[in-house]
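Read through the structure below, which is laid out as structure tokens, and then see the notes.
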Amino acid sequence: MKGMAERTDRIPLIVDVDTGIDDSVALLYLLARDDADVVAVLSTAGNVPTAQVAANNLAWLELCGRTDVEVAVGADGPLSTPLRTTEDTHGPQGVGYAVLPEPRLRPSERSAAEAWVALTRERPGELVGLVTGPLTNLALAIRLDPELPHRLRGLVVMGGAFDYPGNTTPVAEWNISVDPEAAAEVFAAFSDVPHERSPIVCGLNLTERIILTPEHVRRFAELAGSTPTESISADDRPGTRSTASNRVVRHVSDAVRFYFEFHRDHAQGFIAHLHDPFAAAVALDSTIARYRSATVDVETDGRITRGQTVADWHGLWGRSSNAQIAWETDEKAFLDDLITRLAGLARRIERQS
Ligand code: BDR
Ligand code: CA
């Protein structure tokens, strides 16, 4: 996390995801960046069940030749409630219309929670955590080892909605809504971590401004040298598959087409909100956004407000601040960077195959 620690070396990351279309793009973006050192990819049940999340993570990593990265499976579901998944948002396998090659590698033997604990013990103060799914695995890890928050160099979470509507209930964002107890435990666990290492939280208030369009996909494919011109149109038959010559382009295009259709079907236009890739970029360089400090807590009881993230901006609770809430960024600069880097990755993978 460059902005936080002022270091210029590669940033070692623990990535905890519920892959997921935008989680997929986030993972590819990290693999595309040479300042990112993805140490482990941990799988949380959320968008799809945890075994499918792990299979997706392995498949993307193998596609990119990164068979060296550990993938661990997380808990089957939230801490204390049944799992809800959202295949209508992310497709039957969580990767939209993409059909990824069956992974040959298996997940590691240890659980995702065990991996969080073990990796941060091996490298205290070095690792940045990035969570773009429910906080179940991290909460379980902190139950195993309450000192864990003090061993992270930083934590970036995609979750919540601050002074902004939810996307799962009128007030709750998906990642928090799936496991509010886990989120509440994690925020509480970071309350005595020094302010400069408070979790960075990327909520819908900012991530819904990260808007991918078919034009971005066209440019991404062009930069990757893929043929023919990658054209995704709202007028296409739903589920039209890409014929891109470049494999990464083809799979990404098939994945995000599903996301475009989902957003369109929910009256948001033929676009896709790239929540998780933005959080990934922040994990590598927090200076790309501006933040507001607050004490964040999560409603776990409310009859109609369960899963709401509440930010106390003015210290009314008398509790110290435990979060830096991402508030502003240059959305265009981020999207330009995203497609340029993804194209570089796609080009490189094609060359290597
Ligand atoms: C979050 O929910 C998931 O469906 C996305 O992958 C993202 O992490 C947005 O609310
Ligand atoms: Ca996600």
Side-chain angles (χ1 to χ4, degrees), residues 13-30 41-50 52-57 60 71 74 77-78 83-96 98 112 129-138 155-162 164-180 182-183 186 199-212 252 255-256 258-263 265-266 268 271-283 298 306-309 325-326 338:
L13 294 156
I14 301 178
V15 184
D16 193 323
V17 286
D18 65 334
T19 319
I21 295 170
D22 57 332
D23 304 79
S24 299
V25 177
L27 196 51
L28 294 174
Y29 176 72
L30 291 174
V41 181
L42 312 182
S43 314
T44 288
N47 290 324
V48 288
T50 189
Q52 184 64 56
V53 172
N56 294 343
N57 293 334
W60 285 119
V71 172
L83 175 65
R84 273 176 299 147
T85 55
T86 185
E87 285 81 0
D88 61 325
T89 312
H90 292 272
Q93 266 96 43
V95 288
L130 168 67
V131 182
T132 66
L135 285 148
T136 315
N137 291 334
L138 183 52
L155 176 69
V156 176
V157 173
M158 190 285 130
F162 298 93
Y164 193 84
N167 62 358
T168 305
T169 77
V171 295
E173 179 276 336
W174 171 258
N175 290 337
I176 306 295
S177 173
V178 169
D179 197 347
V186 168
I200 287 181
V201 188
C202 303
L204 299 178
N205 47 291
L206 186 47
T207 64
E208 286 200 352
R209 298 196 338 228
I210 311 296
I211 296 173
L212 189 83
V252 169
V256 299
F258 193 97
Y259 225 20
F260 288 151
E261 292 176 6
F262 168 81
H263 285 78
D265 295 347
H266 289 77
Q268 290 169 309
I271 55 107
H273 294 136
L274 289 192
H275 313 278
D276 297 346
F278 177 69
V282 167
V298 179
R306 184 170 152 78
Q308 180 173 17
T309 41
I325 297 169
L338 176 81

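Start at 1 and go down the list; that is how both ligands and their atoms are numbered. Note that the numbering runs from 1 along the sequence shown for the chain.
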Next item on the list: Please state whether Thr86 comes within less than 4.0 angstrom of ligand 1, counting heavy atoms only.
Entry: no
Item checked: Sub-4.0 Å heavy-atom contact, His90 with ligand 1 -> yes
Does [X] approach ligand 1 within less than 4.0 angstrom via side chain, backbone, both or neither, non-hydrogen atoms only?
X      : result
Asp23  : side chain
Asp276 : side chain
Thr168 : neither

Note to self: Among Asp22, Thr85, Thr19, which one puts a heavy atom closest to atom 7 (C) of ligand 1?
What the structure shows: Asp22
Checklist line | Minimum-distance protein heavy atom relative to atom 2 (O) of ligand 1 | finding: Trp174 CD1, 3.2 Å
Next item on the list: Specify the protein heavy atom at minimum distance from atom 10 (O) of ligand 1: its residue, its atom name, and the distance to 0.1 Å.
Entry: Glu173 OE2, 2.5 Å
Would you confirm whether [X], through its side chain, and [Y], through its main-chain N or O, come within 3.5 Å as a donor-acceptor pair?
X      : Y      : value
Thr309 : Ala161 : yes
Asp23  : Asp276 : no
Glu173 : Asn175 : yes

Next item on the list: Could you check which N/O/S atom of Asp276 is closest to the Ca ion (ligand 2)?
Entry: OD2
Heavy-atom contacts with [X] under 4.0 Å: which atoms of ligand 1 show up? List them by number with element.
X      : value
Thr132 : 8 (O)
Asn167 : 9 (C), 10 (O)
Asn175 : 1 (C), 2 (O), 3 (C), 7 (C), 8 (O)

Next item on the list: For Val48 and Thr19, work out which heavy atoms get closest and say how close.
Entry: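 In terms of heavy atoms, the two residues are closest at CG2-O, 3.4 Å.
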Margin query: For Ser43 versus Ala54, what's the shortest heavy-atom pair and its separation?
Written below: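 So the two residues come closest at OG-CA, 3.4 Å.
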Next item on the list: Look up atom NE2 in His263 and atom OG1 in Thr89, then write down how far apart they are to the nearest 0.5 Å.
Entry: 8.5 Å
Margin query: Quick check on the Ca ion (ligand 2): does Met158 put an N/O/S atom closer than 3.0 Å to it?
Written below: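 Met158 does not place any N, O or S atom closer than 3.0 Å to the Ca ion (ligand 2).
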Margin query: The test is side-chain contact (heavy atoms from CB on, under 4.5 Å); show your working for Val131 and Leu155 and say whether it passes.
Written below: CA-CA 8 Å; Val131 182; Leu155 176 69; 4.1 Å; yes
Check: Between Tyr259 and Phe262, how do the two ring planes meet: parallel, tilted or perpendicular, split at 30° and 60°?
Finding: parallel
Notebook entry, point to check: About how large, to 10 degrees, is the angle OD1 of Asp18, then the Ca ion (ligand 2), then OD2 of Asp23?
Noted result: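 Centred on the Ca ion (ligand 2), the OD1/OD2 angle is 70° (to 10°).
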Notebook entry, point to check: Of Leu130, Val71, Asn57, which meets side-chain contact (heavy atoms from CB on, under 4.5 Å) against Val17?
Noted result: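 It is Asn57, the one option of Leu130, Val71, Asn57 that forms the side-chain contact (heavy atoms from CB on, under 4.5 Å) with Val17.
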